[in-house]
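Comments concern the structure below.
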Amino acid sequence: MTVLVITGTGTEVGKTVVTAAVAALARAQGRRVAVLKPAQTGVGPTEPGDIDEVVRLAGPVTARELARYPQPLAPATAARAAGLPPVRPAQIAASATGLDAEHDLVLLEGAGGLLVRFDHAGSTLADAAWALGAPVLVVASAGLGVLNTAALTVEALRRRGLTCQGLVVGSWPHQPGLAARHNLADLPEVTGVPLLGVLPEGAGKCHEEDFLVLARRGLAPALGGEFDAAEFTVRHGLT
């Protein structure tokens, strides 16, 4: 299978922008790309969701959303509040498998962090990744506190027998503080996985052509770009 699961160290860390960047680079390589959002929360029925943002930034990819809940809550809680059925890992895996049969790359973007509940049985994105046998890319914030959340997320993946492909900082500040600059070197050290990219703050405001340039600069060759973690760390970090 060619499925990549994208999760975060928490909410609002740049998962959708990173998903769009990976999709944009894959499209630039001529690959057929699909983006799957199992549960969209906090968005009304006619409002654009995360997959619409991916299409705006990356171009015409296949976009599929399995469920939408209006309250800005965890998927299981939002489903209960709306009186709607939850999304279960089997549904997510089946949808991703179907998309995989017709695409070269399927990007599965979670909601919030890795262990946010999708249903009342406690199922999470990790369960969907396990069902698919798919690697997981972790999107992290830049500043203070991320070392703990990143280490916990990667440890949770390892304990479940899942492969963490690496980390991407989803929103690098225009004026990074002391913690962010140290984190460039510390994140790979505390997690044991590579830093595969750093996308600049505000990247999601770009038009498609400019976004592709940022994606190529900001993501590593493993994700289709030209980002060099060592060079970036020397230039922006503390040595």
Side-chain angles (χ1 to χ4, degrees), residues 1-11 13-26 28-29 31 33 35-36 54 58 96 104-110 112-115 124-126 128-130 132-143 145-172 176 179-201 203 214-237:
M1 299 186 76
T2 50
V3 179
L4 177 64
V5 176
I6 299 177
T7 191
T9 54
T11 191
V13 295
K15 289 189 303 296
T16 299
V17 172
V18 171
T19 300
V22 177
L25 291 176
Q29 295 172 344
R31 302 172 74 187
V33 182
V35 178
L36 174 63
V54 172
D104 302 308
L105 176 65
V106 178
L107 302 174
L108 197 170
E109 182 191 340
L114 178 69
L115 300 184
T124 68
L125 187 67
W130 173 261
L132 290 161
V136 180
L137 181 68
V138 177
V139 181
S141 58
V146 72
L147 297 181
N148 180 61
T149 53
L152 287 171
T153 301
V154 174
E155 181 178 325
L157 289 169
R158 290 197 179 107
R159 288 175 65 87
R160 288 163 173 77
L162 296 167
T163 299
C164 181
Q165 185 160 339
L167 298 166
V168 174
V169 174
S171 181
W172 181 254
R181 293 162 64 200
H182 273 290
N183 286 343
L184 289 172
D186 288 346
L187 275 168
E189 182 176 346
V190 302
T191 61
V193 299
L195 181 64
L196 293 182
V198 174
L199 293 179
E201 181 181 11
L214 289 182
R216 186 168 286 120
R217 292 175 182 169
L219 295 183
L223 298 173
E226 301 170 350
F227 174 80
D228 185 316
E231 188 276 334
F232 190 91
T233 299
V234 168
R235 182 153 44 96
H236 295 280

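Given the structure is predicted, the values throughout are model-derived calculations rather than measurements.
Using a 4.5 Å heavy-atom cutoff, the side chains of Val22 and Val168 are not in contact. Residues Leu187 and Val169 are in side-chain contact: their nearest non-hydrogen atoms beyond the backbone lie under 4.5 Å apart. Contact annotation: the side chain of Val139 never approaches that of Glu109 to less than 4.5 Å [non-hydrogen atoms, C-beta and beyond]. Within the 4.5 Å cutoff, no side-chain heavy atoms of Val17 are placed close to those of Ser171. Looking only at side-chain heavy atoms (C-beta outward), Leu157 and Val138 come within less than 4.5 Å of each other.
Considering all non-hydrogen atoms of both residues, Gly143 and Asn183 come closest at O-ND2, 3.1 Å. When all heavy atoms of Thr7 and Gly112 are compared, the closest pair comes out as OG1-O, 4.0 Å. Residues Ala96 and Leu108 approach most closely at CB-CD1, 4.4 Å, considering heavy atoms. Minimum heavy-atom separation, Leu195 to Pro188: CB-CG, 4.0 Å. Annotation for Gly166 and Leu196: closest pair CA-CD1, 3.8 Å, computed over non-hydrogen atoms. In terms of heavy-atom proximity, Ala134 sits nearest to Val3 at CB-O, 3.5 Å.
Residue Val5 forms a side-chain contact (heavy atoms from CB on, under 4.5 Å) with just one option from Leu125, Leu114, Leu162, and that option is Leu125.
Under the rule for a salt bridge (Lys or Arg N to Asp or Glu O under 4.0 Å), Arg159 has no partner lying at least two apart in sequence or in another chain. Looking at residues two or more places apart in sequence or on another chain, you find a ring-ring contact (aromatic ring centres under 6.0 Å, His included) between Phe227 and Phe232.
The backbone N or O of Ala150 sits nowhere less than 3.5 Å from a side-chain atom of Thr9 that would complete a donor-acceptor pair.
Rounded to the nearest 0.5 Å, atoms CG (Leu199) and CG (Leu219) are 5.0 Å apart. In this structure, OG1 in Thr191 is found 4.5 Å from CG in Leu167, a value given to the nearest 0.5 Å. Note that OG1 of Thr2 and CG of Leu107 are 9.5 Å apart. Values are rounded to the nearest 0.5 Å. Here the straight-line distance linking atom CG of Leu4 with atom CD of Gln165 works out to 5.5 Å at 0.5 Å rounding.
Within a 6.0 Å sphere centred on CZ of Arg217, other residues, nucleotides and ligands contribute 12 heavy atoms or fewer.
Applying the side-chain hydrogen bond (donor to acceptor under 3.5 Å, both in side chains) test to every pair with at least one member in residues 223-232, sequence neighbours left out, gives these pairs: Glu231-Arg235.
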Please step through side-chain contact (heavy atoms from CB on, under 4.5 Å) for the pair Leu184 and Val198, ending with a clear verdict.
CA-CA 9 Å; Leu184 289 172; Val198 174; 4.2 Å; yes
Mind running side-chain contact (heavy atoms from CB on, under 4.5 Å) on Leu115 and Arg160 for me, showing each step along the way?
CA-CA 12 Å; Leu115 300 184; Arg160 288 163 173 77; 3.7 Å; yes
